[in-house]
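Chain naming here is simple, since letters A, B, ... match the order of the sequence lines and numbering starts at 1 in each. None of the values given here were measured: they were computed from a predicted structure.
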Number of protein chains: 2
Amino acid sequence: MDYDREFLTGTVTVLILALLNERAMYAYEILQEAERRSARAFQMKEGTIYPALHQMERGGLLKAEWRQGESGRARKYYSLTAKGRKKAQSKREQWEAISAAMRMILGDLHG
Amino acid sequence: MDYDREFLTGTVTVLILALLNERAMYAYEILQEAERRSARAFQMKEGTIYPALHQMERGGLLKAEWRQGESGRARKYYSLTAKGRKKAQSKREQWEAISAAMRMILGDLHG
DNA sequence: TATCATACCTTGTTCGACAAGGCAAAGGGC
DNA sequence: GCCCTTTGCCTTGTCGAACAAGGTATGATA
């Protein structure tokens with residue numbers, strides 16, 4: 001299914017926070033993990049995720065760390081700060097509230 | 001709860017189409033009905049809904065009709081065209097797909 | 001009579017997702 | 001060895017949706 005771009009607005013930040021809340025990941029990994037878990041519904045673009053990560057880092061939600069794996073090149077791993085964990089919780093609650101409100105309007109006809 | 005603006009992006013069009021799919025309404029009525037049904041989660045602004053309605057009308061999704069009620073001033077009622085009904089269905093499906101994908105990422109921990 | 005809610009509208013700003021590029025290293029095929 | 005793809009990092013500029021902040025006018029209410 002192709003999605004109207006407007007639907008993806010707002011999901012990116014929640015997605016990043018939710019994934020990093022589980023473990024540290026690097027940008028490219030986040031892209032792939034989101035795509036995999038959502039059964040390809042989410043296909044974030046690099047032009048979306050890199051600026052988003054930088055902005056969140058500047059905002060003190062994330063901290064970045066370069067790690068040199070045994071093989072392959074160094075990767076920049078992001079993890080949540082304490083502030084980031086709070087934000088993850090808050091964003092999650094917001095999403096769930098919006099989602100519940102939408103169901104009230106749309107009716108719960110299709111599950 | 002206050003919502004980050006980004007979360008509301010994309011919901012406006014779905015909301016309007018879903019409400020008008022039930023019956024013809026005028027703009028101000030849509031604002032109030034969405035607020036009422038969502039338990040005040042949605043509080044669309046006039047600067048959001050009027051341009052949205054005009055654009056959807058130009059796009060052939062809606063048709064407008066002035067109706068003079070028995071009391072009070074004339075109101076501009078909007079209703080869906082055939083094209084609008086199709087769009088309503090499509091947008092609804094998109095929303096549900098996104099919503100399902102989000103649950104896959106967030107985990108279904110909170111229902 | 002004054003004020004509030006209703007009811008229509010517009011202009012300009014802000015901000016997030018994206019398109020379209022660029023750079024460099026690692027690995028596989030030939 | 002050489003090329004091409006994938007990985008993995010990044011930036012700049014554009015587009016579009018929601019909103020803030022204004023405007024106008026009518027009807028109801030105190």
Side-chain angles (χ1 to χ4, degrees), chain A residues 2-17 24-36 41-59 61-62 64-78 87 91 94-95 98, chain B residues 2-17 24-36 41-59 61-62 64-78 87 91 94-95 98:
Chain A
D2 277 344
Y3 300 97
D4 294 340
R5 125 194 294 197
E6 37 178 271
F7 278 116
L8 287 319
T9 305
T11 61
V12 171
T13 307
V14 201
L15 240 43
I16 293 175
L17 289 170
M25 299 175 75
Y26 55 96
Y28 206 80
E29 190 182 9
I30 295 176
L31 289 179
Q32 295 181 316
E33 184 69 8
E35 184 170 340
R36 187 185 68 75
F42 293 120
Q43 301 192 33
M44 283 185 281
K45 303 307 187 312
E46 302 193 13
T48 298
I49 200 168
Y50 285 105
L53 287 169
H54 298 159
Q55 188 192 341
M56 292 164 81
E57 188 182 6
R58 281 198 305 278
L61 303 177
L62 312 180
E65 177 198 3
W66 284 95
R67 291 186 204 165
Q68 179 61 58
E70 303 181 359
S71 70
R73 55 194 298 194
R75 292 157 173 164
K76 196 174 180 181
Y77 280 82
Y78 288 93
K87 182 67 93 178
K91 287 278 187 180
Q94 281 189 53
W95 169 264
I98 295 286
Chain B
D2 276 344
Y3 300 98
D4 293 340
R5 124 193 295 197
E6 35 177 273
F7 278 115
L8 286 320
T9 304
T11 63
V12 171
T13 306
V14 200
L15 240 43
I16 293 175
L17 288 170
M25 298 175 76
Y26 55 97
Y28 206 80
E29 191 183 6
I30 295 175
L31 289 180
Q32 295 182 315
E33 185 69 7
E35 184 169 340
R36 186 184 68 74
F42 292 121
Q43 300 192 35
M44 282 185 282
K45 303 307 187 309
E46 301 193 15
T48 298
I49 199 167
Y50 285 105
L53 287 169
H54 299 159
Q55 188 192 341
M56 291 165 81
E57 188 182 6
R58 282 197 305 277
L61 303 177
L62 312 179
E65 178 198 2
W66 284 95
R67 291 186 203 164
Q68 178 61 59
E70 302 181 358
S71 70
R73 57 193 299 194
R75 290 156 174 167
K76 195 173 181 181
Y77 280 80
Y78 289 93
K87 182 67 93 178
K91 286 278 188 180
Q94 280 189 53
W95 170 262
I98 294 287

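- With rounding to whole Å, B:Y3 atom OH is found 21 Å from C:dC15 atom C1'.
- A donor-acceptor contact under 3.5 Å is not formed by the side chain of B:R5 with the base of D:dA17.
- Judged by distance alone with a 3.5 Å cut-off, a donor-acceptor contact links the side chain of A:R73 to the base of D:dG8.
- Rounded to whole Å, the distance from CZ on A:R67 to C1' on D:dC9 is 17 Å.
- In terms of phosphate contacts, A:Y26 brings a side-chain nitrogen or oxygen within less than 4.0 Å of OP1 or OP2 of D:dG8.
- Applying ring pair (Phe, Tyr, Trp, His ring centres under 6.0 Å) to B:Y26 and the options B:W66, B:Y77, B:Y50 leaves one that passes, B:Y77.
- Looking at B:Y28 and B:I49, their side chains never come closer than 4.5 Å, going by heavy atoms from C-beta outward.
- Within the 4.0 angstrom heavy-atom criterion, only backbone atoms of the sugar-phosphate kind lie near B:Q32; the bases stay farther away.
- Distance CZ (B:F7) to C1' (D:dA17): 16 Å, rounded to an integer number of Å.
- Protein atom CZ of A:R75 is 17 Å distant from nucleotide atom P of D:dT6, rounded to whole Å.
- A close approach under 4.0 Å does occur between a side-chain nitrogen or oxygen of A:K76 and OP1 or OP2 of D:dC10.
- The side chain of B:V12 approaches D:dA18 more closely than any other nucleotide in the set D:dT7, C:dT10, D:dA18.
- Residue contacts for B:A27: at a heavy-atom cut-off of 4.0 Å it reaches the sugar-phosphate backbone alone, with no base atom in range.
- Here the side chains of B:L15 and B:V12 are not in contact, with every heavy-atom distance at 4.5 Å or above.
- The side chain of B:H54 contributes an N or O atom lying less than 4.0 Å from OP1 or OP2 of C:dT10.
- Residue A:P51 has its side chain nearest to D:dT11 when only C:dG16, D:dT11, D:dG8 are considered.
- In this structure, A:T48 reaches the bases: a heavy-atom distance under 4.0 Å links it to at least one base atom across the strands shown.
- In this structure, B:E35 atom CD and C:dA5 atom C1' are separated by 14 Å, rounded to whole Å.
- At distances below 3.5 Å, at least one donor-acceptor pair connects side-chain atoms of A:Q94 with backbone N or O atoms of B:D4.
- Checking B:Y28 against A:G47, the closest nucleotide of DNA chain C that is more toward the 5' end is the one next to B:Y28.
- Put simply, B:Y50 has a side-chain N or O that comes within less than 4.0 Å of OP1 or OP2 on C:dC8.
- The distance between atom CD1 of A:I49 and atom P of D:dT11, rounded to the nearest whole Å, is 14 Å.
- B:Q55 places its CD atom 13 Å from the P atom of C:dT10, with the value rounded to the nearest Å.
- We find that CG of B:L15 is positioned 14 Å from C1' of D:dA17, with the value rounded to whole Å.
- Ring orientation note: the planes of B:W95 and A:F7 are tilted relative to one another, at an angle of 30° to 60°.
- Within 3.5 Å, a donor on the side chain of A:E46 pairs with an acceptor on the base of D:dC10, or the reverse.
- Position along DNA chain D of the nearest nucleotide to B:T11 versus A:A74 favours A:A74 as the more 5'-ward residue.
- A:L62 and A:Y78 make their closest contact through CD1-CD2, 4.0 Å (heavy atoms, listed as atom of the first residue, atom of the second, distance).
- Distance from the side chain of B:E6 is smallest to C:dG16 among D:dG8, C:dG16, D:dC10.
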